Each structure stands twice: as C-alpha cells, then as structure tokens.
Trainee: 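Got a structure for you, written out below as structure tokens; questions coming shortly.
Nothing here was measured: the structure is a model prediction, and the numbers come from that model. Throughout, residue positions are numbered sequentially from 1 according to the sequence presented.
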Amino acid sequence: MILQALHAYYQLLQEQDDGDLPKQGYSAADVSFELHLDAEGRLVDIIPYTNEKGKSRKETYNVPEQEKRTVKITPYFLCDKAEYLFGTALGMRAACRESMQVLWRSVMAQVEGEQVSVSPEWKAITAFVEATPEQLAEQLDGLLSEETKATLATGGLCVLKYAPTGRFLHDHRLLQSAWEKYRSGGQSAVGAVGDTTQICLVSGDRVPTSDIARLHPNIKNVIGAQSSGAAIVSFNKDSFESFGRKQSFNAPTSKNAADAYGYVLNRLLADPKHRVRMNDMTVVFWAESAVDHEQLFLASLMQEERSDETLEEGPPDPESVRERVKSAVSRVRNGQEFRDTFSDLDPETTFYVLGISPNAARLSMRFFYRGTLGEIGERVWQHYKDLAIVGLDRTPTIRQLLKELAVGHDWSNIPPNMEGQLFRSIMQELPYSKAIFAQLINRIRADQDDPRKGLYKIGSVRAAMLKAYLLRAGRNGNHGIREGELTVAENMESTNVAYNLGRLFACLEKTQKDALGAGINATIRDRFWGAASAAPASVFPRLLHLAQHHVSKDEKRGFYNNELIGKVMVALPERLPRRLTLEEQGMFAIGYYHKRQGFYAGAAKSSGDAVAVMDGAEEAAAATTE
C-alpha cells in the first residue's frame, strides 16, 4: 500500500512534469562539483558548488540511472565520484578508474557511425576516458591546490561539462541515446530464478525478469538514519530467502517502479513543506492533488512558523491556508466548521501520512494513514473544537502543545514517543494519551509564572490541553465528567465540585492579592496549589479563614471579593472531598483558569491581548520591563 501510493504520486507528478522529473532510465543525483573539459578532453576547470558563505552545497541533476552501491566497486555513467573519475591520479584506487573505463566504453560502443565522428562532445569524452593516470595527474596539478584535491577526493558526485558550449554532457542527446541502448540491452538478473517474466508487486505489470530491481533505492533525510540513505526493502540473510530467490527478488519490483517510489519519497523528504520531525521519527505527507494550497494544508497543521516566514514583507494574507489554520481556534469560537473555513479545498482529495524511523541500515514504517482531505479536516477540526478556550487566539501546533510538558519548555525534555501518540490521537479521533495528561498535571504543580518569558503555571495552552483531554476521554467513557460541563468560557452553572473548587481558589487568590498588593512574595497559589488541587478538604478551610482576614483589610475591594467567594461557595457541597482524582485535578485547573480569565477579561480586551493571563501585579511588572 505504501509503495503503491508513492508510485501513484510519481505518476501524478509526471502529468504535471515541468522537466524536473527524471524519465525512465535516469535518476536525480545531488552533485557537488563540475568538471569542465575542452575540445581535446582535457580538464580546464573544476567548480565546487558553494553557497554565499562559501560552504559546500549540492545541485540536483537528472543523470543516467545510478544503482545503489554496496561494498562492490560500481561505476556510474557521466556522473560519479572523483575516485572513479581519476583513480590513482588523485592517489585513490586504480580499480575504480578501470571499472569506470569498462562501463563508459561499453555504453559508448552502443552508438557508431557518422554522428559519432562529427560530434566534438563525443571526441572530448572519449579522450577523457582514455587519458592515462599520468595525464590526469598533470591536469589536476595545474588546476588544484593540495587542499582542494583533498576536498575533491572526499567530496560528492561530479558532472562533466563541455567547456566550449557550456553544456552538460549528461544532457547530450547522443550520449543519452548510447545509455538508453545499453540499459535496454538487458543485463542478467543475478538471483532471479523461474519464469522469464514476473509481476511487479507495486505496479501490477508483468515485466521481464531482467527488469526486476536487484536492490531498491536508498532513502535519505530520515532523522537518525545513515546520511548516505537507508533501504525500505532489502534482504541480506539466507533466512530471508524463499524458493531460491536472493536479495530483492524475494519481493519482485520492477526497476521503474522502484526508481519511481524512491525518487518521490526522497523528493518529499527533502522538501520542508512535506515533512516534519517528531522526536525520533520523520513524518512525511502528501496529497493526490496538483493544487498547492491542498498540499500545504497538512503541513500548516503540524509545522511551527519558520523564521524565514516572519521576514515576509507586509502583513500575512488572512485567507492563506497557513493563516486560516493559525486562526482555527478563533473561528471555532465563532461557530465556523471545517467546510466553512476551507470551502476552496476539495474534500475528496486523498491524503497520505507516513511515519518513518531508522532501524540499523533499514527504515521502519511506524504508521501509515490514508484518508480524504475532508476526513482529516473534520478530525483535525474536532481537535480544535476540543482545544478552544477563552484566551487562546492562535492555534497551537502539536509541537507547541507538547512544549508545555517539558521542563523549562525545552524541547529536548519532551518525553519520547509523545509527539507520535498525540498525532495518532488526532488523526484517528482517539482520546489523548493519559501519559500526556499526567505529565501536564505534574508541570502545572511544579512550574511558577515567569511573565517576562511569557510562561505561566496555568496559561491558555495548558488549559486548552486539559480541556481537550477531558472532553475526548469523556466521549470514550473513561471518566464521569460530562461534555456540557466543559465550556469555552467560565461555566457559572456547573455543578462539578472540582471545577468549582478551582473557581473558588481563584477568588481566594484574588482576595489575597487585592489586600496585600503587588509586593507579596508568595501567593496562596505558590504555596498551596498542589495540596488544594489534590486534597481540598485539608486545605480550603484554612484558606477560607485566611480570606476573611484579607477581606477585613481591603476597604476598597474586600466587600466585592467576599461576594465573589460566596457565589462560588453556593455551588459546593457542605463537606469538601478528601481527594481529587487526576481528571478532577484537571477540572480544578480549568475552573481556576476560567475564573481568572473572567476577572481580567476587560483588561485583556482593552489591550487586545487575550492570550496571556495576568493579574494586576503581573501587568505592572510587564509594563515596567517594557
């Protein structure tokens, strides 16, 4: 299913081919050097590819097909490493240069006649192939310093350019014709037995056995995998063989199909718009669509805003896909549905999401999800509905949500596998992992506010995560909290004891701060949060008694605060619970957050910033800092 989906996407790319897609018998190669040949086939220049800062970079060209290399010497045609092109002239293995000469002579022998005799490019490449090591060494000495020679010897692939015309030799039609004839000659398939034709497991086509791929392509840019690439399909032990078939003949795939899926997957993994890192896993995604904004939809859900996007001139377009995703939680609060917000997207477009992890020299497929854009969109929109809470105006990505679980908001402290767990929960509309919820409760207990860094013990993102977890767990029957009790803003009609205890705690804290002023060293939240949210019966009587002292001291707002406390107390039972479960502690935190948002909604509205929850002292401190 995975390889078939990639092969289908390759065919879609062919339909909209702009010349970048390699045709049959060719592959995309990342090149580091240009070698310039004159009409006599002598080296006249060597150009390393570098960026503006002088650091090495690579250019991608479509060159004659390059099989995956193993420990065996395997030369490539018209594009290869310096070891194969120069051999002992660079102090490297003579066998590599000799194998290159055998291959290039065999390919060029496929074309004869007048065209060859009159082609200056053909003469130049022939002279280069037949040059002796001494001649090549002399040419290199005249062009390169010892340091540059070492860079060339350890560097990447080189392509050849005919200097008089400035044209790459791998684009020369006569040389391409020679390669295509050589390739269609049909090399014997080592390890293949039985019928002279086989059915390709990816395309379903019956192809000659000689066209079955012996080795599948290397896949690059997977986090943690070998830099040279790793295989999805490979067989390297006798125990993997069946019916006498060796290597990848155990899973017959035509060379064309293998090249197609390898090209597409490498292209997607090389494009930041189609991949994202999730801890030790690389997630790649694509749509069977030629429409750019449909391709960008899933990327916008998963990726944080990059620094280069913040440098764009002018304000962002509010109707762009990325901006609509960022404002999704605000749109949810206004009653918009997914199909209202993204009416320009085709809900029938098929989407694919693939999670890949390294596994020694191979790649492990962690998960594969296929669905329509409409299905994915509705599930993601439900995720946004669950997150929607007063004070949260910008849609957090998965990574931004999980940073709330990390000590110091340091991404390296995120517990392993949580990113993948959260992503699967969203895609499959499942409850969030209880491990995520427990970790979040622990961080709320341990952390303190740091307004200068924009970090809060219970800020908008954390409150949204608590709400979303409880809603999804409730739908799955994991606890007794009813969905109607969890609202976007404060629910003054709630009968949930834990929720109302959180509201009461916020009232008691406000009463203390109003009475003692901004210079207080530690509030009741700093001293009693853990005990109040876990064992309220042992703490709240003391806090209520303390609050009466604060009310009596505060002539300006004491009476008003006492009324607030009384209104919340009406909703509580006479005997407070001795213990609160983990879910009830989450309800406590949401009640506290909602009540605080209600206190400072006017100030937040006038300042145009409802994201951070600040009390009067914190606002004053922030203003002083500015």
Side-chain angles (χ1 to χ4, degrees), residues 326-337 340-341 381-396 400-401 404 432 437 440 444 449 454 456-475 481-511 525 533 560-561 563-572 583-616 618-619:
K326 287 180 181 178
S327 62
V329 290
S330 297
R331 294 171 185 263
V332 164
R333 292 209 304 269
N334 293 331
Q336 289 190 33
E337 296 292 339
D340 300 326
T341 306
W381 207 252
Q382 184 60 58
H383 165 68
Y384 293 155
K385 286 182 179 180
D386 295 336
L387 285 174
I389 197 167
V390 61
L392 184 68
D393 288 342
R394 298 295 277 177
T395 308
Q400 288 166 337
L401 289 173
E404 298 294 333
Y432 300 151
F437 183 70
L440 182 57
I444 292 173
D449 289 355
Y456 298 91
K457 183 182 191 73
I458 175 66
S460 57
V461 177
R462 286 183 173 179
M465 290 181 71
L466 293 172
K467 172 177 174 282
Y469 170 84
L470 293 170
L471 280 173
R472 296 172 85 95
R475 292 190 201 112
I481 296 174
R482 296 173 303 198
E483 186 162 348
E485 293 177 342
L486 286 165
T487 53
V488 173
E490 183 182 4
N491 182 5
M492 296 185 182
E493 306 301 321
S494 175
T495 59
N496 185 279
V497 175
Y499 180 82
N500 285 312
L501 283 171
R503 294 174 62 216
L504 176 60
F505 193 80
C507 293
L508 297 174
E509 182 189 34
K510 182 178 186 299
T511 302
R525 182 183 59 186
S533 61
Y560 170 71
N561 288 333
E563 279 195 330
L564 285 177
I565 294 171
K567 289 179 181 179
V568 178
M569 288 287 292
V570 171
L572 290 170
E583 286 77 13
E584 288 172 334
Q585 291 177 44
M587 288 294 291
F588 180 97
I590 295 173
Y592 170 83
Y593 173 83
H594 272 162
K595 195 63 184 176
R596 275 175 58 89
Q597 278 291 117
F599 291 154
Y600 308 111
K605 185 176 181 180
S606 63
S607 67
D609 181 13
V611 177
V613 182
M614 293 185 176
D615 60 22
E618 291 165 341
E619 289 177 328

Trainee: With rounding to the nearest 0.5 angstrom, report the OH to OG1 distance, Tyr560 to Thr511.
Mentor: 10.0 Å
Trainee: Applying side chain to side chain contact (heavy atoms under 4.5 Å, CB included), run through Val329 and Asp393 and close with a yes or a no.
Mentor: CA-CA 6 Å; Val329 290; Asp393 288 342; 5.7 Å; no
Trainee: Counting C-beta onward and ignoring hydrogens, is there a side-chain heavy-atom pair between Arg333 and Lys385 closer than 4.5 Å?
Mentor: no
Trainee: Could you tell me if the side chain of Leu466 sits less than 4.5 Å from the side chain of Ile458, heavy atoms only?
Mentor: yes
Trainee: Apply side chain to side chain contact (heavy atoms under 4.5 Å, CB included) to Gln336 and Tyr384, showing your working.
Mentor: CA-CA 11 Å; Gln336 289 190 33; Tyr384 293 155; over 6 Å; no
Trainee: In Å and rounded to the nearest 0.5 Å, what is the CG to CG distance from Asn491 to Asn500?
Mentor: 8.5 Å
Trainee: Could you walk me through whether Lys595 and Glu509 pass the side chain to side chain contact (heavy atoms under 4.5 Å, CB included) test, one step at a time?
Mentor: CA-CA 11 Å; Lys595 195 63 184 176; Glu509 182 189 34; over 6 Å; no
Trainee: Using a strict threshold of under 4.0 Å (side-chain N to carboxylate O), is an ion pair present between Asp386 and Arg472?
Mentor: yes
Trainee: With a 4.5 Å heavy-atom cut-off, do Lys467 and Thr487 have their side chains touching?
Mentor: no
Trainee: With the side chain counted from C-beta on, respond yes when Ser533 and Phe505 share a heavy-atom pair under 4.5 Å apart, and no when they do not.
Mentor: no
Trainee: Keeping the roles fixed (side chain from Arg503, backbone from Arg596), state whether a donor-acceptor pair exists under 3.5 Å.
Mentor: no
Trainee: My understanding is that only one of Leu401, Val488, Val461, Leu471 makes a side chain to side chain contact (heavy atoms under 4.5 Å, CB included) with Leu387; could you say which?
Mentor: Leu401
Trainee: What closest approach, in Å, do Gly391 and Gln597 show between heavy atoms, and which atom pair accounts for it?
Mentor: CA-NE2, 3.6 Å
Trainee: Taking the side chain from Thr395 and the backbone from Lys326, do they hold a donor-acceptor pair closer than 3.5 Å?
Mentor: yes
Trainee: Quick check: do Met492 and Val568 have side-chain heavy atoms less than 4.5 Å from each other?
Mentor: no
Trainee: Less than 3.5 Å apart, any donor N or O on the side chain of Tyr592 or Arg525 sitting next to an acceptor on the other?
Mentor: yes
Trainee: State, with a plain yes or no, whether a side-chain heavy atom of Arg394 is found less than 4.5 Å away from one of Gln400.
Mentor: no
Trainee: Return the minimal non-hydrogen interatomic distance between Ala388 and Val332, and the atom names on each side.
Mentor: CB-CG1, 3.9 Å
Trainee: What do you reckon, are the aromatic ring centroids of Phe588 and Tyr499 less than 6.0 Å apart?
Mentor: no
Trainee: If we count only N and O atoms by modelled type, under 3.5 Å, do the side chains of Glu485 and Ser494 hold a donor and an acceptor together?
Mentor: no
Trainee: Quick check: do Ile389 and His594 have side-chain heavy atoms less than 4.5 Å from each other?
Mentor: yes
Trainee: Report the distance from atom CE of Met465 to atom CD1 of Ile444, rounding to the nearest 0.5 Å.
Mentor: 9.0 Å
Trainee: Using side chain to side chain contact (heavy atoms under 4.5 Å, CB included), reason through Met587 and Leu486 one step at a time and then give a plain yes or no.
Mentor: CA-CA 8 Å; Met587 288 294 291; Leu486 286 165; 3.3 Å; yes
Trainee: Does the ring center of Phe437 lie less than 6.0 Å from the ring center of Tyr469?
Mentor: yes
Trainee: So which heavy atom on Gly586 is nearest to which on Leu470, and how close?
Mentor: C-CD1, 4.1 Å
Trainee: Check whether Arg462 reaches the backbone of Glu404 with its side chain - one donor and one acceptor, N or O, closer than 3.5 Å.
Mentor: yes
